[in-house]
2 protein chains.
Amino acid sequence: MRWQDIDQQPCSVARSLAIIGDNWTLLVLRDCFLGVRRFDDFQQRLGVTRHVLSDRLRKLTEGGILDKVAYQQRPVRHEYRLTSMGRDLYPVIVHLAQWGDQYLADDHGAPLTRIHKQCEHTLQAQLHCRHCGETVAAQDIRVEENAHWKGKILMNNQG
Amino acid sequence: MRWQDIDQQPCSVARSLAIIGDNWTLLVLRDCFLGVRRFDDFQQRLGVTRHVLSDRLRKLTEGGILDKVAYQQRPVRHEYRLTSMGRDLYPVIVHLAQWGDQYLADDHGAPLTRIHKQCEHTLQAQLHCRHCGETVAAQDIRVEENAHWKGKILMNNQG
DNA sequence: TCAGTTAGTTCCAATTTAGAACCCATGGTG
DNA sequence: CACCATGGGTTCTAAATTGGAACTAACTGA
């Protein structure tokens with residue numbers, strides 16, 4: 001299977017990664033959440049080639065994650081802004097950052113701190129069950145296949 | 001900048017993605033959380049080439065996310081298990097899955113349902129502030145640079 | 001007229017991937 | 001013994017993608 005065909009798998013993780021799982025794309029999104037909007041700013045901050053950046057921004061725009069908006073006429077110049085679909089990826093970025101802070105930081109500690117404006121404390125993100133309010137870990141979850149895919153996704157020894 | 005050098009950036013997201021941000025790697029981890037442990041099972045489920053799978057499993061093992069454990073001798077056979085460092089990536093996978101469920105599902109709906117064993121309800125994951133207990137969205141967060149990187153990471157018009 | 005800004009596109013060499021075949025240690029079967 | 005199967009890879013080649021640099025387009029301001 002080619003990487004470009006993974007969006008046809010019956011798996012929401014695969015379909016998500018078909019849009020944002022490319023090398024560089026999640027770093028583009030990281031910068032979006034830091035307020036970066038313009039081509040050259042992305043290019044300088046990321047150090048990615050202009051060709052690849054152009055391709056990734058196009059895919060994110062086609063995928064509905066970014067909106068390409070003209071911020072001036074004559075000459076027309078565009079900037080890229082997160083849509084609400086894009087903003088909903090924030091938990092993914094935050095958990096990636098927090099995991100990196102915990103396991104991959106160097107002697108200088110975490111580079112950035114995220115402050116929760118409402119309570120003015122450093123954000124310690126948790127995965128949280130809306131129904132019962134408890135914190136959730138991998139072993140607290142049981143996975144079930146929905147009707148149309150019964151028996152087709154999981155292995156029989158699902159642990 | 002080459003993709004392979006991004007782990008040298010002062011950014012926890014970049015460092016995380018240096019290990020797990022490659023094409024295919026997050027799909028390998030998805031399967032790990034579904035209980036897959038053996039080379040051929042990964043290979044058949046993902047459809048990735050054996051060469052690439054071998055490379056990704058090696059990088060995940062070297063990165064401390066998977067443990068390569070012999071499950072029999074004569075002939076020696078290994079399986080790959082999540083370490084605690086690896087299990088801590090669960091929130092990333094869950095939020096990717098939930099985002100895909102919400103925005104990318106087809107007519108048959110979400111392929112898998114995650115059930116929270118403690119309360120027996122479908123998991124609706126939320127990003128949650130440990131301190132104040134509130135749900136957190138992107139606009140609720142202010143980002144600050146830590147001492148060593150003052151003025152070097154953010155743009156001046158940080159929004 | 002000339003330089004500067006912004007957002008790309010084009011070119012080529014180097015790297016990575018897809019797909020298939022092959023390898024190795026061992027175990028089971030006839 | 002010969003032969004096939006299993007698990008976990010490695011090797012090979014062609015195709016696709018990336019990195020790096022230069023170039024283009026459409027303006028603005030001096």
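Order of the sequence lines sets the chain letters (A, B, ...), proteins ahead of strands, with each chain counted from 1.
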Atom-to-atom span, [atom1] of [X] to [atom2] of [N] - whole angstrom:
X: A/D40; N: C/dG4; atom1: CG; atom2: P; result: 15 Å
X: B/D55; N: C/dT16; atom1: CG; atom2: P; result: 9 Å
X: A/Y71; N: C/dT6; atom1: OH; atom2: P; result: 6 Å
X: B/Q43; N: D/dG7; atom1: CD; atom2: P; result: 12 Å
X: A/R58; N: C/dT9; atom1: CZ; atom2: C1'; result: 13 Å
X: B/I6; N: D/dT18; atom1: CD1; atom2: C1'; result: 14 Å
X: A/D5; N: C/dA18; atom1: CG; atom2: P; result: 10 Å
X: A/N23; N: D/dT17; atom1: CG; atom2: C1'; result: 10 Å

Would you call A/R142 and A/E144 a salt bridge, using N to O less than 4.0 angstrom? yes

Is any side-chain N of the basic residue among A/D41 and A/R38 closer than 4.0 Å to the acidic one's carboxylate O? no

To the nearest 0.5 Å, how far apart are CG in A/L154 and CZ in B/R45? 7.0 Å

Walk me through whether B/R37 and B/D31 qualify under salt bridge (Lys or Arg N to Asp or Glu O under 4.0 Å). CA-CA 8 Å; B/R37 293 186 181 151; B/D31 274 3; over 6 Å; no

Taking A/T25 for its side chain and A/G21 for its backbone only, find out whether a donor-acceptor pair lies under 3.5 Å. no

Report the nucleotide, chosen from [options], that has the shortest atom-to-atom distance to any side-chain atom of [X].
X: B/F39; options: C/dA18, D/dG9, C/dA7; answer: D/dG9
X: A/R38; options: D/dG19, C/dA18, C/dA7; answer: C/dA7
X: B/T49; options: C/dA18, D/dG19, D/dT11; answer: C/dA18
X: A/S54; options: C/dT9, D/dG20, D/dT10; answer: C/dT9

Between the protein and nucleotides 24-27 of chain D, are there any N/O to N/O pairs under 3.5 Å, and if so, what are the atom names and distances?
from   : atom 1 : to    : atom 2 : distance (Å)
D/dC27 : O3'    : A/R74 : O      : 3.2

Check the surroundings of atom NE2 in B/H51: do more than 12 heavy atoms from other residues, nucleotides or ligands lie under 6.0 Å from it?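 At most 12 heavy atoms, drawn from other residues, nucleotides or ligands, come within 6.0 Å of this atom.
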
What nucleic acid atoms does B/R56 come within less than 4.0 Å of, heavy atoms only: base, sugar-phosphate, or nothing? sugar-phosphate

Identify whether any heavy atom of A/H78 sits under 4.0 Å from a base atom; if not, whether one sits that close to sugar-phosphate; answer base, sugar-phosphate or nothing. sugar-phosphate

For the rings on A/H95 and B/H95, is their centre-to-centre separation under 6.0 Å? yes

At their closest point, which heavy atom of B/C129 faces which heavy atom of A/C119, and how far apart are they? SG-SG, 3.9 Å

Is there a side-chain polar atom (N or O) of [X] under 4.0 Å from OP1 or OP2 of [N]?
X: A/R2; N: D/dT17; result: no
X: B/Y80; N: D/dG7; result: no
X: A/K68; N: C/dG8; result: yes
X: A/W3; N: D/dA15; result: no

Specify the residue among A/D41 and A/M1 whose closest nucleotide of DNA chain C lies further upstream toward the 5′ end.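 Final value for this comparison: A/D41.
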
